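Please read all numbers here as calculations on a predicted model, not as lab measurements. Chain letters run A, B, ... following the sequence lines, proteins first, then strands; residues in each count from 1.
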There are 2 protein chains.
Amino acid sequence: MTQDKVISFSSIKIDCKSCNLTTLCLPLGLESAEIGRLEEIIKRSRPLHRGDQLFHAEQGFHSLYVIKTGSVKTFLPEPDGGEQVLGFHLPGEVIGMDGIESERYHCSAKVLETSAVCEVPFDRLEALTHDIPSLQHQLYRLMSKEIGQETDMLALLGSKSAEERLAAFVLGLSERFKRRGFSATDFHLSMSRHDIGSYLGLAVETISRLFSRFQEEGLLKVERKHLQLTNLAGLQAMAKGCGLEPRRQKHGG
Amino acid sequence: MTQDKVISFSSIKIDCKSCNLTTLCLPLGLESAEIGRLEEIIKRSRPLHRGDQLFHAEQGFHSLYVIKTGSVKTFLPEPDGGEQVLGFHLPGEVIGMDGIESERYHCSAKVLETSAVCEVPFDRLEALTHDIPSLQHQLYRLMSKEIGQETDMLALLGSKSAEERLAAFVLGLSERFKRRGFSATDFHLSMSRHDIGSYLGLAVETISRLFSRFQEEGLLKVERKHLQLTNLAGLQAMAKGCGLEPRRQKHGG
DNA sequence: AGCGTTATTTGACCTCGATCAAGAAGTATG
DNA sequence: CATACTTCTTGATCGAGGTCAAATAACGCT
């Protein structure tokens with residue numbers, strides 16, 4: 001960030017080389033000249049605000065988006081107006097890759113807090129990956145990673161109890177903040193309890209109750225949207241289902 | 001094994017051009033000469049049998065695999081020896097793409113019935129995608145499709161009831177068989193009830209009970225592994241949660 | 001500051017689907 | 001073809017987590 005304004009424009013329009021996300025984002029593994037070529041095709045928007053939508057499911061696909069600052073949720077809109085949340089995305093993460101196949105976005109993306117986002121027109125990126133093998137490789141890697149992460153989520157939803165899910169969720173966020181240079185034990189939840197519930201396949205009330213219980217058990221402290229993890233080991237044990245008592249069921253039994 | 005065996009080698013070693021999967025598989029959109037180049041790098045194995053494992057989670061990644069005939073399940077092995085099933089794969093489908101990112105397979109793959117599989121060494125494929133833009137594009141599309149399908153599965157697990165899940169599962173299989181030229185209403189389940197349950201996040205007993213109930217309701221007929229769909233519209237309504245009574249809950253409440 | 005709207009929390013209650021249990025049916029092996 | 005094993009089915013029971021309801025706390029707005 002720079003001098004005067006709350007969110008200065010210059011902080012948004014910095015180039016990839018000065019962006020501290022090169023170890024996560026598309027430029028990973030590129031040489032300086034190659035990053036320069038990538039920059040030429042990237043559109044940097046003015047800051048977006050809570051609720052702004054990056055793209056809509058079924059809308060024609062043309063760009064990938066990279067979160068630069070802030071956070072974004074992706075979700076599948078439901079006929080009844082609901083939203084099945086698919087993921088929460090932090091700086092350096094690329095979204096929209098599900099639109100390549102059908103040339104329509106498969107899901108929708110909404111900004112959770114004031115955020116800066118880079119738009120990468122896909123046809124130009126694709127052409128560039130043809131010229132720059134390491135960029136091609138990085139794009140394959142990013143898509144592969146996405147597949148692996150969704151796979152892990154399927155396993156979570158398929159076989160973990162509510163408390164295991166929430167513990168894993170909180171630890172996952174912690175890891176991701178840590179890798180971005182933020183505190184791993186003290187952070188802000190930009191999404192609502194409702195969104196967390198949808199993401200984890202649980203009711204809002206369950207999320208609320210579990211946060212309260214985790215707090216009673218000394219695993220963490222919650223105050224509104226602020227979260228402080230006070231017992232990482234305990235949370236890890238809980239996420240693995242190694243609760244002290246020999247739990248045995250996923251739910252309902 | 002060679003000529004004289006039950007499954008003749010010639011049926012396995014046919015090339016991509018004579019394979020009737022070109023509209024699903026990697027060659028989609030390629031010209032004849034390009035398919036020729038792709039063929040050069042593909043390894044065609046002898047037929048595999050039920051239980052044979054294509055790759056193991058955590059094992060070093062080097063190839064994608066394409067199912068040519070038969071079927072394969074992918075799963076995440078669990079510490080207790082269990083298997084969290086991630087998908088069932090039919091002819092023309094590519095698996096192993098989750099290994100690109102970390103250079104280790106993220107999941108395991110096991111053959112469900114006698115199957116033929118093409119092995120595609122990834123480094124050679126990647127090099128070829130650099131030479132053949134339409135192959136590059138097709139690989140992006142295949143990975144994107146995988147992401148979209150997992151996304152749909154997340155939504156299924158996150159918000160559908162047991163009957164909705166099973167109905168959707170059965171209809172999904174139906175669609176995929178149809179596209180491959182098989183009957184959409186009459187097919188063989190190569191996976192166990194246990195695998196179906198794991199895939200859908202349900203207990204084996206629930207699968208069994210639901211199949212029985214669907215049969216009573218005239219939606220389908222099951223006999224062991226043979227399935228006959230007798231009321232597609234009814235199943236579709238059920239999959240959408242438009243059961244006649246206004247169901248309201250995902251489960252348990 | 002005051003007010004309506006929305007998000008979160010907590011309690012009471014109830015159901016779906018898990019677990020436990022046992023039998024039936026199919027499969028593999030000698 | 002008898003035996004052991006595995007898979008599938010069906011029944012009985014129960015509890016995790018959903019739904020309903022209501023109070024409380026934040027968060028816009030004007």
Euclidean distance, atom CD of residue A:Glu163 to atom P of D:dG18 [Å, nearest integer]
13 Å
Just how far, in rounded Å, is C1' of C:dT9 from CZ of A:Arg213?
15 Å
List the residues meeting side chain to side chain contact (heavy atoms under 4.5 Å, CB included) with A:Arg213, not counting sequence neighbours, and say none if there are none.
A:Glu163, A:Leu210, A:Glu217
Among residues at least two apart in sequence or on other chains, which ones pass ring-ring contact (aromatic ring centres under 6.0 Å, His included) with A:Phe55?
A:Tyr65, A:Tyr105
Working to the nearest 0.5 Å, report the span between CG of A:Asp98 and CZ of A:Arg104.
13.5 Å
Closer than 4.0 angstrom, basic N to acidic O: yes or no for B:Glu93 and B:Arg180?
yes
Specify the separation, in whole Å, of atom CE of A:Met191 and atom P of C:dT6.
22 Å
Using side chain to side chain contact (heavy atoms under 4.5 Å, CB included) as the criterion, point out the one residue from A:Leu219, A:Thr185, A:Leu220, A:Val170 that pairs with A:Leu232.
A:Thr185
When the distance from CD of B:Glu216 to C1' of D:dT10 is rounded to whole Å, what number comes out?
11 Å
Nucleic acid contacts of residues 204-212 of chain B, taken as heavy-atom distances under 4.0 Å to DNA chain D
B:Glu205, B:Ser208, B:Arg209, B:Ser212
As an exercise, state the distance from OG of B:Ser71 to CG of B:Leu90, rounded to the nearest 0.5 Å.
6.5 Å
Salt bridge or not for A:Lys110 and A:Glu83, using N-O below 4.0 Å?
yes
Expected string for nucleotides 23-30 of chain D under the B/S/- scheme (protein heavy atoms, under 4.0 Å, primed atoms plus P, OP1, OP2 as sugar-phosphate) is ---S----
A:Phe187 and ring-ring contact (aromatic ring centres under 6.0 Å, His included): which partner among A:Phe88, A:Phe177, A:Phe182?
A:Phe177
Using the side chain to side chain contact (heavy atoms under 4.5 Å, CB included) rule, pick out the option among A:Val94, A:Leu21, A:Val66 that qualifies with A:Cys118.
A:Val66
Global bending angle along the helix from C:dA1-D:dT30 to C:dG30-D:dC1, which compares the axes of five pairs at either end, to 10 degrees
60°
Rounded to whole Å, please give me the gap between CG in B:Asp195 and P in D:dT7.
9 Å
At less than 4.0 Å, is any side-chain N or O atom of B:Lys225 found next to OP1 or OP2 of D:dC8? Yes or no.
yes
Specify the separation, in whole Å, of atom NZ of A:Lys160 and atom P of D:dA16.
17 Å
Round to a whole Å and report the spacing from CZ of A:Arg50 to P of C:dT6.
13 Å
If you look only at pairs with a residue in residues 196-206 of chain A, which of them pass as a side chain to side chain donor-acceptor pair (under 3.5 Å), with sequence neighbours excluded?
none
Euclidean distance, B:Lys145 NZ relative to B:Met97 CE, rounded to 0.5 Å:
10.0 Å
Between D:dG18 atom C1' and A:Arg165 atom CZ, what is the distance in whole Å?
12 Å
